[in-house]
2 protein chains.
Amino acid sequence: MIELMKILSEETRGTRERILLSAEALFAERGFEVVSLREITGAAGANVAAVNYHFGSKEKLIDAVVTRHLTPVNEERLSQLDRLEKQFFRTPIPVEEILKAFLSPVLQHIASGEMSEDLFKKFMGRLIGERGYSLPTSACSLFAVMAARFAAAFQRAVPQLNEESALWRMHFSFGVMAHTLTNGDTLRQLSDGRSGNPSTETLLVNIIDFCRAGIEFEGREL
Amino acid sequence: MIELMKILSEETRGTRERILLSAEALFAERGFEVVSLREITGAAGANVAAVNYHFGSKEKLIDAVVTRHLTPVNEERLSQLDRLEKQFFRTPIPVEEILKAFLSPVLQHIASGEMSEDLFKKFMGRLIGERGYSLPTSACSLFAVMAARFAAAFQRAVPQLNEESALWRMHFSFGVMAHTLTNGDTLRQLSDGRSGNPSTETLLVNIIDFCRAGIEFEGREL
DNA sequence: TTCCGTTTTAAGCATATGATTGAATTGATG
DNA sequence: CATCAATTCAATCATATGCTTAAAACGGAA
């Protein structure tokens, strides 16, 4: 939150931008539904009415915040998947590569420095895990379209599995990502710091390894 | 929700019990923070003041709802873990057995029929995944104590891994469980029903297999 | 029936929420 | 400087929230 203050104090940013930054941070930390406009505008040093002037409503603000980060990440995901599908023409794409195509765009976006690393992880985690009520429908369908493409890729990647099992193992993987990205610091508290302080890159590599093992193992199916 | 109506319409249940049932259902479906007392009492056919009369406050109601289901499940988890630790005295407990000790009490509680199966899954998923803000501290520490025991068990179960990796892989597993239990029906929507309709038992077996593979594989560590 | 503790109820409290208004303020252009 | 559109602001609206209160309704014991 100190990080946020530093960014917001730069007078160069307009009200619209400051609201977006505050909203991102608060949404990432506590979720979309529970954060009020007054908290957002308070943190942004703006008037409450500014949200409705610049965005129209709270829902449209959420939409703007989500779209602005999810769109580029999603496009990069799909572009990497396209590349893989061309590269592995008619042969199964390695599971690890698909998982990388899903997660590495998050790393790239972090590197671009648009949001603090910690906040962006939590934000992206929510976009994977929070469906239905709290997210605007536009954001949901944005994710759904992308997820459908990945579902197809996963199924081709594990031809020994039936359709159901492949889908569920993808779902399991999304759970790992959502929970780890959003609640990563929970483990630190819970383990009294014995979980160390791995870099995001290290963490994502370990998530990928975990999911790859879970997806590829052969055993009981659904 | 039709299920709920049936239960609530039975005149045998007192106001306190009807409030508990409504609250459980709404919390499971939409989370603790966003459900209002008026929604709860409305669904229960009770007066708003009844919550404060019977429970004291919204927080204490959440506490009552959480405790009443988490306590027995947690105790069963710990008792199964105790049994395993005696059975595998000074030898590593198989990872699959630890995962079973964590998840099978959920199945048992479902079998007891205290809550509809669908709702109870979502409820237990939230108790694994939602930490911090939305949950009362008592529920958090209840979970934390249990998780600490399981963390120790997981570490002994995979002596080839360093402490950090073991903890993170446990955390990954919790993510799978939380997401699948709470958002299981999301996959059905997202996949147009191609994910089938597995029984809870089948689903939990597959979660266990997935996590076991993810925890046991040997490769890059943190 | 009367009595009395338990429970339920309607009404209200203080505060919070998303949204709107119309008046100020700003800042660039003529 | 004056003009004018874009922006910001305080004030306000209708509604929702958690909680409290005091009166009413209930139900068993005397």
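Every chain is numbered from 1, with letters handed out A, B, ... down the list of sequences.
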query: Do any side-chain nitrogens or oxygens of S36(B) fall under 4.0 Å of OP1 or OP2 in dT17(D)?
result: yes

Closer than 4.0 angstrom, basic N to acidic O: yes or no for E29(B) and K121(B)?
no

R38(A) atom CZ is separated from dT15(C) atom C1', nearest whole Å, by 11 Å

When V48(A) and T15(B) are each assigned the nearest nucleotide of DNA chain C, the 5'-most assignment goes to T15(B)

I19(B) atom CD1 is separated from dT7(C) atom P, nearest whole Å, by 12 Å

Q: Go through the steps to decide whether I128(B) and T182(B) satisfy the test side chain to side chain contact (heavy atoms under 4.5 Å, CB included), and finish with yes or no.
A: CA-CA 10 Å; I128(B) 299 175; T182(B) 304; over 6 Å; no

note: R16(A), atom CZ; dT8(D), atom C1'; distance rounded to Å ~ 16 Å

**Study point:** Over 12 foreign heavy atoms within 6.0 Å of CD, Q108(B)
**Key:** yes

N47(B) CG to dT21(D) C1', in whole Å, measures 12 Å

Judged by nearest nucleotide, the residue sitting upstream toward the 5' end of DNA chain C, N52(A) or E39(A), is E39(A)

note: E33(B), atom CD; dA16(C), atom P; distance rounded to Å ~ 15 Å

Worksheet item: When all nucleic acid strands are considered with a 4.0 Å heavy-atom cut-off, which category describes V35(B): base, sugar-phosphate, or nothing?
Response: sugar-phosphate

Between OH of Y53(B) and P of dG5(C) the distance, given in whole Å, is 13 Å

- At under 4.0 Å between heavy atoms, what does A49(A) touch on the DNA or RNA strands: base, sugar-phosphate, or nothing? base

To the nearest angstrom, the NE2-P distance between H54(B) and dT8(C) comes to 4 Å

From the candidates dT7(C), dC19(D), dG18(C), the one with an atom nearest any side-chain atom of K58(B) is dC19(D)

note: L61(A), atom CG; dT17(C), atom P; distance rounded to Å ~ 15 Å

Residues L20(B) and L61(B): closest non-hydrogen pair is CD2-CD1, 4.2 Å

* How about F55(B) and D63(B): do any of their side-chain heavy atoms sit closer than 4.5 Å? -> no

